Amino acid sequence: MAESIQAPMLVYLVTGGCGFLGEHIVRMLLEQEPRLRELRVFDLHLSSWLEELKTGPVQVTAIQGDVTQAHEVAAAMAGTHVVIHTAGLVDVFGRASPKTIHEVNVQGTQNVIEACVQTGTQFLVYTSSMEVVGPNIKGHPFYRGNEDTPYEIVHKHPYPCSKARAEQLVLEANGRKVRGGLPLVTCALRPTGIYGEGHQIMRDFYRQGLRLRGRLFRAIPASVEHGRVYVGNVAWMHVLVARELEQRAGLMGGQVYFCYDKSPYKSYEDFNMEFLGPCGLRLVGTRPLLPYWLLVLLATLNALLQWLLRPLLLYTPLLNPYTLAVANTTFTVSTNKAQRHFGYKPLFSWEESRARTILWVQSTEGSGQ
Ligand SMILES: NC(=O)C1=CN([C@@H]2O[C@H](COP(=O)(O)OP(=O)(O)OC[C@H]3O[C@@H](n4cnc5c(N)ncnc54)[C@H](O)[C@@H]3O)[C@@H](O)[C@H]2O)C=CC1
Ligand SMILES: C[C@@H](CO)CCC[C@@H](C)[C@H]1CC[C@H]2[C@@H]3[C@H](O)CC4=CC(=O)CC[C@]4(C)[C@H]3CC[C@]12C
């Protein structure tokens with residue numbers, strides 16, 4: 001993408017552009033990509049906030065579509081230079097069937113790749129996940145690991161299985177010839193647990209705390225560390241990768257990058273308290289209030305109930321054997337690969353990320369957001 005002093009000329013497409021992360025990517029592109037002529041936002045469900053973006057200098061085109069439908073993806077992608085593929089089914093609670101998760105995350109990604117080839121879109125940035133690596137079901141800690149740290153990857157759950165397969169497809173597609181004969185350049189970003197404005201699980205914990213008269217109860221030992229990353233920095237890394245892929249295709253093509261920033265390493269619950277604390281909640285207990293074996297029993301009971309009730313209703317509690325294992329296993333990333341390869345530095349400091357998230361949590365109170 002040669003630097004241009006003339007009219008902006010690039011056409012980008014963001015799949016899943018109305019989701020939690022997708023919205024931040026869309027807004028970040030409009031702020032930080034001066035060469036943008038048109039931004040296509042492709043999502044199964046279009047959001048009303050898209051309307052307000054249509055009055056700016058960049059043409060914003062909302063496309064209601066389904067990544068599992070190859071023809072819809074190809075039609076939306078015709079004439080685009082870059083696709084940021086963020087659409088996905090994020091489900092570790094049993095809300096969707098394994099088949100649906102596979103269709104959206106794996107078949108959907110295959111459709112995006114084939115559409116690149118068919119339409120001549122040369123640059124593909126894929127939102128993968130740390131879950132592609134772990135935590136594994138054996139509970140092995142991944143402590144301050146980087147992209148090259150050896151780790152026993154063992155997947156059973158449909159979500160990480162689907163993200164791992166989709167990431168593999170994206171990386172294998174690097175170098176394929178697209179329409180016009182140029183090689184496809186692909187790259188995958190692996191965020192750790194994302195937080196920030198729009199994070200639904202954070203909002204749910206907040207509401208639960210309000211219901212429990214300002215209290216949440218510790219279930220996970222404070223010593224279990226989780227890597228978390230602010231959504232604005234994840235969006236920024238996507239924008240930067242998309243911008244640099246052409247100039248650094250040889251270095252970045254076919255690569256994976258953990259998505260990181262300077263958010264502190266803490267347990268899942270202690271990290272959430274960084275935001276929920278200033279909103280008036282308190283975490284009760286310096287140690288877990290229930291013994292671990294009891295949590296395992298409750299999680300197993302939840303899984304059993306989910307299975308038994310499935311013909312009648314969807315029972316999808318937060319606690320299940322998988323979420324308990326993830327929450328209870330240290331998984332932290334320490335790397336500078338993105339900085340070395342394409343000059344990534346977090347755009348938002350920890351203080352700013354924290355302040356923005358607190359403001360958002362406060363604004364959700366009683367707002368029905
Ligand atoms: N939330 C997190 O902590 C993390 C998320 N990720 C990945 O980031 C991506 C975005 O996740 P979130 O923003 O958290 O989820 P989200 O559920 O808020 O956003 C996903 C978007 O994809 C859209 N979508 C789902 N199925 C679709 C389909 N068949 N066709 C078209 N659009 C479809 C949804 O409507 C939604 O707008 C996902 O690929 C996820 O795997 C990776 C690491 C961590
Ligand atoms: C035991 C409960 C007591 O309070 C806490 C349960 C918390 C869990 C619901 C979350 C703990 C870790 C989260 C996951 C992690 O951040 C990694 C993820 C990456 C993704 O790509 C998708 C989301 C998730 C799997 C995330 C989901 C929620 C947790 C399991």
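All ligand and atom numbering here is 1-based and tracks the order in the structure. The figures that follow rest on heavy atoms only: side chains count, while hydrogens, waters and symmetry mates do not. Computed from a predicted structure; not experimentally measured.
- The nearest protein heavy atom to atom 26 (C) of ligand 2 is not closer than 4.0 Å.
- Here Lys163 has side-chain heavy atoms under 4.0 Å from ligand 1, and that is the only part of it that gets that close.
- Tyr257 and Phe342 have perpendicular rings, their planes meeting at more than 60° on a 0 to 90° scale where under 30° would count as parallel.
- Summary of contacts: the protein heavy atom closest to atom 14 (O) of ligand 1 is Phe20 CD2, 3.7 Å.
- Remark: of the listed residues Phe205, Tyr265, Trp350, Trp350 is the sole one forming a ring pair (Phe, Tyr, Trp, His ring centres under 6.0 Å) with Phe271.
- Those atoms of ligand 2 that come under 4.0 Å of a heavy atom in His226, given as number and element, are 12 (C).
- Considering each of Leu89, Val14, Thr86, Val229, the one bringing a non-hydrogen atom nearest atom 10 (C) of ligand 1 is Thr86.
- The aromatic rings of Phe331 and Tyr151 sit perpendicular, their planes meeting at an angle over 60°, well past the 30° parallel limit.
- Of all atoms in ligand 1, numbered sequentially from 1 with element shown, those under 4.0 Å from a heavy atom of Thr192 are 43 (C), 44 (C).
- Ligand 1 has an N or O atom lying under 3.5 Å from an N or O atom of Val67, backbone or side chain.
- A heavy-atom separation below 4.0 Å is found between Gly65 and ligand 1.
- Of the protein's non-hydrogen atoms, Asp43 OD1, 2.6 Å is the one closest to atom 35 (O) of ligand 1.
- Using a distance-only test at 3.5 Å, with no hydrogens or angles considered, no donor-acceptor pair links the side chain of Glu197 to the main chain of Thr357.
- For atom 9 (C) of ligand 2, the nearest non-hydrogen atom from the set Thr329, Val224, Val326, Leu318 comes from Leu318.
- Among the atoms of Leu44, some N or O lies under 3.5 angstrom from an N or O of ligand 1.
- When non-hydrogen atoms are compared, ligand 2 lies under 4.0 Å from neither the backbone nor the side chain of Arg228.
- In terms of polar-atom proximity, Tyr268 is not counted as a contact of ligand 2, lacking any N or O under 3.5 Å from an N or O of the ligand.
- The cationic atom of Arg203 (NZ for Lys, CZ for Arg) does not lie both less than 6.0 Å from the six-membered ring centre of Trp360 and within 45° of the ring axis.
- Checking Gln59 against Lys54 by side-chain atom types alone, no donor-acceptor pair falls below 3.5 Å.
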Leu189/Val234 under side chain to side chain contact (heavy atoms under 4.5 Å, CB included): CA gap, chis, key distance, verdict: CA-CA 9 Å; Leu189 302 186; Val234 180; over 6 Å; no
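- Remark: the backbone N or O of Gly198 is paired with a side-chain donor or acceptor of Gln200 at under 3.5 angstrom.
- In terms of protein heavy atoms, atom 19 (O) of ligand 1 is closest to Gly19 CA, 3.4 Å.
- In this comparison of Gly193, Ala87, Gly198, Gly22, the heavy atom closest to atom 22 (O) of ligand 1 sits on Ala87.
- Nearest heavy atoms, Ala219 versus Pro288: O-CB, 3.5 Å.
- Between Glu131 and ligand 2, no pair of N/O atoms sits closer than 3.5 Å.
- Remark: side-chain polar atoms of Thr186 are paired, donor with acceptor, to backbone N or O of Val170 under 3.5 angstrom.
- His226 places a side-chain N or O within 3.5 Å of a backbone atom of Val326 that can act as its donor or acceptor partner.
- Taking atom 42 (C) of ligand 1 as the reference point, the nearest protein heavy-atom neighbour is Ser128 O, 3.1 Å.
- With distances taken over non-hydrogen atoms, the option nearest atom 15 (O) of ligand 1 out of Val90, Thr100, Ile194, Val132 is Val90.
- Environment of CZ in Arg215: crowded, with over 12 heavy atoms of neighbouring residues, nucleotides or ligands closer than 6.0 Å.
- Between the side chains of Tyr159 and Asn105, not a single donor N or O lies within less than 3.5 Å of an accepting N or O.
- Numbered from 1 in the order shown, with element, the atoms of ligand 1 that lie under 4.0 Å from a heavy atom of Tyr159 read 6 (N), 40 (C), 41 (O).
- Which parts of ligand 2 touch Gly193 is read off a 4.0 Å heavy-atom cut-off, strictly below it: atoms 16 (O).
- Neither the backbone nor the side chain of Asn105 has any atom closer than 4.0 Å to an atom of ligand 1 (non-hydrogen atoms only).
- Near Met130, meaning under 4.0 Å from one of its heavy atoms, ligand 2 places the atoms 17 (C).
- The ring of Tyr12 has its center no closer than 6.0 angstrom to the ring center of His81.
- For ligand 1, the atoms lying closer than 4.0 Å to a non-hydrogen atom of Thr127 are 7 (C), 8 (O), 9 (C), 39 (O).
- Scanning Asp91, Val92, Val90 for the heavy atom closest to atom 23 (C) of ligand 2 points to Val90.
- Judged by distance alone, the side chains of Arg211 and Gln208 never bring a donor and an acceptor atom under 3.5 Å apart.
- The main-chain N or O of Val256 is found under 3.5 Å from a side-chain atom of Lys337 such that the two form a donor-acceptor pair.
- Nearest protein heavy-atom contact of atom 26 (N) of ligand 1 is Val104 CG1, 3.6 Å.
- By the criterion of side-chain heavy atoms lying less than 4.5 angstrom apart, applied directly or through intervening Ile, Leu, Val, Met, Phe, Trp or Tyr residues, Tyr206 is grouped together with Leu216 in one hydrophobic cluster.
- Polar contact with ligand 1: absent for Phe42 (N/O pair, distance under 3.5 Å).
- Contact annotation for Glu269 and ligand 2: only side-chain heavy atoms (C-beta onward) come within less than 4.0 Å of the ligand.
- The nearest non-hydrogen atom to atom 28 (C) of ligand 2, considering only Ile201, Val229, Leu295, Thr192, comes from Ile201.
- Residue-ligand proximity, Asp66 to ligand 1, at heavy-atom distances under 4.0 Å covers atoms 28 (C), 29 (N), 30 (N).
- Proximity to Gly88 (heavy-atom distance under 4.0 Å) selects the following atoms of ligand 1: 20 (C), 22 (O), 25 (C), 39 (O).
- An N or O contact shorter than 3.5 Å is missing between Met130 and ligand 1 by distance.
- With a 6.0 Å radius and a threshold of 12 heavy atoms from other residues, nucleotides or ligands, Trp49 has its CH2 atom above the threshold.
- Every atom of ligand 2 with a heavy atom of Ala219 under 4.0 Å away is listed here by number and element: 3 (C).
- Checking side-chain atoms of Thr68 against main-chain N and O of Gly108 turns up no donor-acceptor pair under 3.5 Å.
- For ligand 2, the atoms sitting less than 4.0 Å from at least one non-hydrogen atom of Leu319 are 1 (C), numbered in the order shown with element in parentheses.
- When the heavy atoms of Tyr159, Phe271, Phe93, Tyr322 are ranked by distance to atom 22 (C) of ligand 2, first place goes to Tyr159.
- Taking atom 13 (O) of ligand 1 as the reference point, the nearest protein heavy-atom neighbour is Leu21 N, 2.9 Å.
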With side-chain hydrogen bond (donor to acceptor under 3.5 Å, both in side chains) as the test, would you mind laying out the steps for Lys163 and Tyr126 before giving the verdict? CA-CA 10 Å; Lys163 294 301 284 185; Tyr126 174 60; 3.1 Å; yes
